[in-house]
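Scroll down for the structure; my scribbles are underneath it.
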Amino acid sequence: MLATTGGCVLASASITGAAGQTDTGGVSQESFAIREGTAEETTVYVTTADADGPTAFVIGGMHGNEVAGYTAAGKISNWTIEVGTLVTIPESNAVAIERGTRNDQHGNNLNRAFPEWSEPETELARAIWDVVSKYQPDVVIDLHESTGIYGGDVTNGVGQAIFTGTNSDEAAQVTDFVNRNYVDDSDLVFQVGGFSSPDVQPRDLLVHKAARDLGADAFLAETYSGVALEKRVQWHTAIVERLLKDGVSPSGILSDSERTVESQSQTQTIETASVDSGSTTDKPTAKITTLPTWTSASSVQKGETITLDGSQSKSPTGGIDCYEWKIGPDGTYEQAGPKIDVTVEENNYPVTLRVNSNGASDTDEITLSTGC
C-alpha cells in the first residue's frame with residue numbers, strides 16, 4: 001500500500017481546475033482534464049513519489065448528490081505520499097454534481113456503466129476507464145453515500161459499509177479501526193459487505209470491473225447521509241488513509257499518537273454545493289426522511305407511493321414558516337406541507353424540499369431509486 005504522511009487528511013480541500021505539474025521535493029503532482037470541452041469535463045490528479053511503490057486510484061462524485069464522497073476525494077487529491085502513485089478523480093460526474101442529483105440530465109447512473117469484460121457504456125465511463133487502464137492501479141477505492149444503513153441486504157440501504165470482493169479480511173480490519181476511533185454511535189458502526197456476482201443486481205459498478213478485469217484490490221465505501229457532513233468526510237478520509245497505509249497493527253487499532261485523522265476535522269466548516277439564502281446563524285436546516293422509518297429511498301419500485309416527511313427540519317429562530325416540495329427532475333415548487341406522498345414515475349426520481357424561516361431558506365434533496 002501507499003504510505004501517506006502524517007496529518008495529510010487535514011490538507012486543504014480546494015481543487016485547482018487548471019492542468020499542470022508541480023514538484024514538492026520527492027513528490028510530483030500533476031493534473032489533466034478528461035471529457036475536455038464538454039459539460040462532463042472534470043480533473044484527474046496524479047501524485048507520484050520518487051520512491052517506487054504501488055498505485056492507488058480514488059474516485060468520488062459518481063453520484064452528484066453524495067456530497068461527502070466528492071468532498072473527501074477533493075481532500076485526498078492533495079495528499080502527500082511517501083511511495084508509489086496516487087490517482088484521484090474527485091468530481092467524476094460533473095453534470096450530476098452541478099445538478100445535485102444522483103444521475104445526469106439523461107437519467108444515466110454512472111456507476112452502472114462499467115460492465116465487466118466489455119467496453120463501458122457511456123463516453124464519460126469510457127474516459128474514466130481509460131484513466132484506470134492507463135495507471136493499472138493495485139488498489140481502487142470508490143466513495144459513496146446512502147440514505148439507509150446496511151443490514152446485510154442492499155435493498156434497505158448500504159450506508160456505513162465497505163464493500164469488497166476478495167479483500168474482506170483487510171476491510172474488516174479497517175472497519176474495526178474506524179469504528180473504534182471515529183464512531184461514537186453503536187447504530188452507525190461500519191460493516192463489511194461483499195460484491196454482488198456479475199449476474200445479480202447491483203451490477204456493472206466501477207469497482208466490480210476493476211477487481212474482475214484488472215485484478216485490483218477494490219473497495220466501495222458507503223457512509224450514511226443522515227449524519228453531519230463533516231463527520232461523513234472524516235469517515236471517508238479515515239477509511240481511505242487506512243486502506244493506503246502500509247498494513248495495520250495486529251489488533252486493527254492504532255494508538256492516539258499514531259492517528260492522522262485528527263478530531264480537529266470534526267470542527268472544520270465544510271461548504272456544500274447548495275446555495276441558500278439568509279445568514280449562516282439564522283438559516284433553517286431542511287431534512288427529508290421517509291415514512292415508515294424503515295422505508296428505504298434506494299429500494300422503491302416504479303409506480304410505488306412513498307411518504308416523505310420534512311417535519312424534522314429545524315430553525316434556530318423558531319418554527320418553520322413554509323415547506324415547499326419540488327418533485328421530479330424538471331419540477332417546480334408546487335406542493336406545500338410538512339409531509340407529502342410521492343408516486344415514483346421513473347427510476348432515480350429526485351425530490352427537493354425547501355424550507356423557509358424568518359426570511360431564510362435551506363434545501364434538502366432525496367433521490368428515489370432501486371439501488372446504490
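Since this is a predicted model, take the numbers as computed values, not measurements. For the numbers below, each heavy atom of this structure counts, side chains included, while hydrogens, waters and symmetry mates do not.
For Asp362 and Lys283, the salt-bridge test passes: some basic side-chain N is under 4.0 Å from an acidic carboxylate O. Between Arg212 and Glu116 there is a salt bridge, since at least one side-chain N of the basic residue sits less than 4.0 Å from a carboxylate O of the acidic one. Using a 4.0 Å cut-off between charged nitrogen and carboxylate oxygen, Arg126 and Asp130 do not count as a salt-bridge pair.
Val44 has its side chain within reach of Ile34: a pair of non-hydrogen atoms, C-beta onward, lies under 4.5 Å apart. The closest side-chain heavy-atom distance from Gln29 to Val46 is not below 4.5 Å. At a threshold of 4.5 Å between non-hydrogen side-chain atoms, the residues Gln335 and Ile327 count as touching. The closest side-chain heavy-atom distance from Ile320 to Pro284 is below 4.5 Å. By the 4.5 Å heavy-atom criterion applied to side chains, Val132 and Pro137 are counted as neighbours. Within the 4.5 Å cutoff, the side chain of Ser92 has heavy atoms near those of the Leu110 side chain. Counting only heavy atoms from C-beta outward, the side chains of Leu353 and Val351 never approach each other to under 4.5 Å.
A distance of 10.0 Å separates CZ of Phe190 from CD of Glu222, quoted to the nearest 0.5 Å. Rounded to the nearest 0.5 Å, atoms CG (Leu188) and CZ (Arg232) are 12.0 Å apart. Taking OG1 of Thr363 as the reference point, atom OH of Tyr333 lies at 5.5 Å (rounded to 0.5 Å). Here CZ of Phe177 is found 4.5 Å from CZ of Arg242. Values are rounded to the nearest 0.5 Å. Considering OG1 of Thr42 and CZ of Arg35, their distance stands at 11.5 Å, rounded to 0.5 Å. For the atom pair CD1 of Ile76 and CD1 of Ile141, the computed distance is 7.5 Å after rounding to the nearest 0.5 Å.
Tyr224 pairs by the ring pair (Phe, Tyr, Trp, His ring centres under 6.0 Å) definition with nothing, not counting sequence neighbours. Applying the salt bridge (Lys or Arg N to Asp or Glu O under 4.0 Å) criterion to Asp213, with sequence neighbours excluded, gives Lys209. Scanning for side chain to side chain contact (heavy atoms under 4.5 Å, CB included) contacts around Ser118 gives Pro115, with sequence neighbours left out. Qualifying salt bridge (Lys or Arg N to Asp or Glu O under 4.0 Å) partners for Arg203, counting only residues two or more places apart in sequence or in other chains: none. When the ring pair (Phe, Tyr, Trp, His ring centres under 6.0 Å) test is applied to Tyr323, no partner is found at least two apart in sequence or on another chain.
Checked options Arg99, Gln105, Glu98; the residue passing with Thr101 is Arg99 (criterion: side chain to side chain donor-acceptor pair (under 3.5 Å)).
No side-chain N or O of Asn108 forms a donor-acceptor pair with one of Thr122 less than 3.5 Å apart. For the 3.5 Å distance criterion, the side chains of Glu365 and Thr352 qualify, holding a donor opposite an acceptor. Checking Ser77 against Thr88 by side-chain atom types alone, no donor-acceptor pair falls below 3.5 Å.
Remark: Asp52 CG is loosely packed, at most 12 non-hydrogen atoms of other residues, nucleotides or ligands lying under 6.0 Å away.
Closest non-hydrogen pair, Val355 versus Ala286, comes out as CG2-CB, 3.7 Å.
Note: Tyr135 and Phe32 have parallel aromatic rings, judged against thresholds of 30 and 60 degrees for the angle between ring planes.
Screening residues 314-328 for salt bridge (charged side-chain N to carboxylate O under 4.0 Å, His left out), with sequence neighbours left out, gives Glu324-Arg354.
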Trace of the side chain to side chain donor-acceptor pair (under 3.5 Å) decision for Thr343 with Thr305
CA-CA 4 Å; Thr343 300; Thr305 298; 2.8 Å; yes

